[in-house]
Number of protein chains: 2
Amino acid sequence: METTAGLRERKKAETRQAIHKAALRLAVERGLDHVTVDDIVEAANISRRTFSNYFGSKEDALLYGEEERVRSLVRAIRERPAGESGWQALRGAVRDELEDMGELDREWAVRTSLTKRHPSLLARQLANHAALERELVQAIFHRDGAGEPAADLKSRIMAAAFLVALRIATHVWIEEQEARPLSQIMEQALDEVARPFP
Amino acid sequence: METTAGLRERKKAETRQAIHKAALRLAVERGLDHVTVDDIVEAANISRRTFSNYFGSKEDALLYGEEERVRSLVRAIRERPAGESGWQALRGAVRDELEDMGELDREWAVRTSLTKRHPSLLARQLANHAALERELVQAIFHRDGAGEPAADLKSRIMAAAFLVALRIATHVWIEEQEARPLSQIMEQALDEVARPFP
DNA sequence: AGATTACATGCCCATTGGGCAACTTTGCGC
DNA sequence: GCGCAAAGTTGCCCAATGGGCATGTAATCT
């Protein structure tokens, strides 16, 4: 992304990435429950204590990429044209993000399939989502809030529904062995969640 | 509910309940992070080891009631009249459940407000929801699955959206200091999630 | 360069989750 | 009622974890 920022920052980012990578690799190789923090620490060439400075747990380390991705999505949503409604902004942002990542995020697939199999990971991921949900709610409210009667509730529902669509689409994508492009499934899921239930 | 089942079963249920209660009380009194498993154990008059036989963690113990409640909801959904569509069954079940609990579940309120403040609890709760989401998907698919083109995806979305509505409604209910009856907020949230996004 | 600040590491400890084995209670067939 | 099998409880133990504190080391600022 950026070559900017001081050496310090770059090193930090590197270390964080290294830990994340190491954790992911080990988890794939041996299965999550046969990986201890010490293992990761060794693989990443850092001290046990340093690990804790970066992440609160194995799970956090594994889901780091996930968090990054969603954070970027939230940013994209904020930067959408002012004229768009909340829902339009959400959809537009997803479309763009998927586009310029070229569909081919192997790590994402790996993380997701780990998450599917591992309750502890799922829990952490959902908790992250919940945190981001709040920001999403604000972003949506900022667009649709004017004059709406129950704008607060609506924004919340929309944010949550949106995340649900993302989550389910990703899972379906994995289950289908990535037969269809993620973007297609994503669109379908978003359509579906926006459609009225009978 | 039932006075049936052997002495053994009853005692177990009692102990489980006692642990749950103790955990909840202590968490309210001192705040969750100032409660250790040992504290709970002491308050509930059981050994440290026995705690682990019942629950895997503080969080599990605290959310026990929650799990029970949702489990009962799922049962209610399964037992709905066969003619109803998935969405109808979901709504009907919620309405009934709320009705015959008379709106006045203090513990529920307490648990929810704890959950709102505590990420670790939220994580666990969402993980539980995820587990139940699967059962919900099946129940819905069983009703709406016939002939639908993308019934799988639709069922998933519906189940998740449904749980989203429940979760948000409960949170709003708490935030409003229980000014409005939960059932009303719940209906509103369900309406909202079933409405198409613009 | 010298001062300041941020970060990495080592040491340490309370808490946790769960395996194992002994002991106690409950349920059941006779 | 008796005695045995099954289920539950407890104590003991240990690896793993999360995080406070102090100290060394590298980066940034002036």
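These numbers come from a predicted model, not from an experiment. The sequence lines fix the lettering, A, B, ..., with proteins before strands; numbering per chain opens at 1.
Here A/R111 pairs with A/E107 in a salt bridge; the nearest charged N to carboxylate O distance falls below 4.0 Å. Salt-bridge check for A/R195 with A/E192: passed, with a basic side-chain N closer than 4.0 Å to an acidic carboxylate O.
Each end of the helix from C/dA1-D/dT30 to C/dC30-D/dG1 gets its own axis from five base pairs, and the two axes differ in direction by 30°, given to 10 degrees.
By the 30° and 60° cut-offs, the orientation of the rings of A/W173 relative to A/W108 is tilted. Ring geometry for B/F197 against A/W87 counts as tilted: the plane angle lies between 30° and 60°, on a 0 to 90° scale.
Shown are A/I140, A/V193, A/I157, A/V94; of these, the side-chain contact (heavy atoms from CB on, under 4.5 Å) with A/F162 is made only by A/V94.
For D/dT10, the OP1/OP2 oxygens have a side-chain nitrogen or oxygen of B/S47 closer than 4.0 Å. Phosphate contact (OP1/OP2 of D/dG8, side-chain N/O of B/Y54, threshold under 4.0 Å): absent.
In this entry the distance linking CG of A/N53 with P of D/dT17 reads 16 Å, nearest Å. Residue A/E14 contributes atom CD, which lies 15 Å from atom C1' of C/dA8 at whole-angstrom precision. A straight line from CD1 of A/I46 to C1' of D/dT25 spans 17 Å, rounded to a whole angstrom. Between the NZ atom of A/K12 and the C1' atom of D/dA26 there is a distance of 14 Å, given to the nearest Å. Nucleotide D/dA16 holds its P atom 13 Å from the CD atom of A/E42, rounded to whole Å. Separating the NE2 atom of A/H34 from the C1' atom of D/dA15 is a distance of 14 Å, rounded to the nearest angstrom. Counting to the nearest Å, the C1' atom of D/dT10 and the CD1 atom of B/I19 are 13 Å from each other. Summarising the geometry, the separation between CG on B/D33 and C1' on D/dG19 is reported as 14 Å, rounded to the nearest angstrom.
Considering every non-hydrogen atom in both A/P198 and B/S85, the closest pair reads O-OG, 4.4 Å. Taking all atoms of both residues into account, the shortest heavy-atom contact from A/I168 to B/R156 is CD1-O, 3.5 Å. Taking all atoms of both residues into account, the shortest heavy-atom contact from B/L136 to B/A159 is CB-CB, 3.8 Å.
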Nucleotide N/O to protein N/O under 3.5 Å, stretch nucleotides 25-28 of chain C:
unit_1	atom_1	unit_2	atom_2	d
C/dT26	OP1	B/K11	NZ	2.9
C/dT26	O2	B/R8	NH2	2.9
C/dG27	OP1	B/L7	N	2.8
C/dG27	OP1	B/R8	N	2.9

Using the salt bridge (Lys or Arg N to Asp or Glu O under 4.0 Å) rule, take B/E14 and B/K11 through it: C-alpha gap first, then chi angles, then the decisive distance, then the call. CA-CA 5 Å; B/E14 237 171 70; B/K11 273 203 159 180; over 6 Å; no
Take B/R91 and B/D191 through the salt bridge (Lys or Arg N to Asp or Glu O under 4.0 Å) test and state the conclusion after the steps. CA-CA 10 Å; B/R91 296 202 67 144; B/D191 284 345; 2.8 Å; yes
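Between the side chains of B/N53 and B/R49, at least one donor N or O sits under 3.5 Å from an acceptor N or O.
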Quick one, give me the B/S/- string for nucleotides 13-22 of chain C, reading 5' to 3', where B means a protein heavy atom under 4.0 Å from the base and S means that only happens at the primed atoms, P, OP1 or OP2. --SBBBBB--
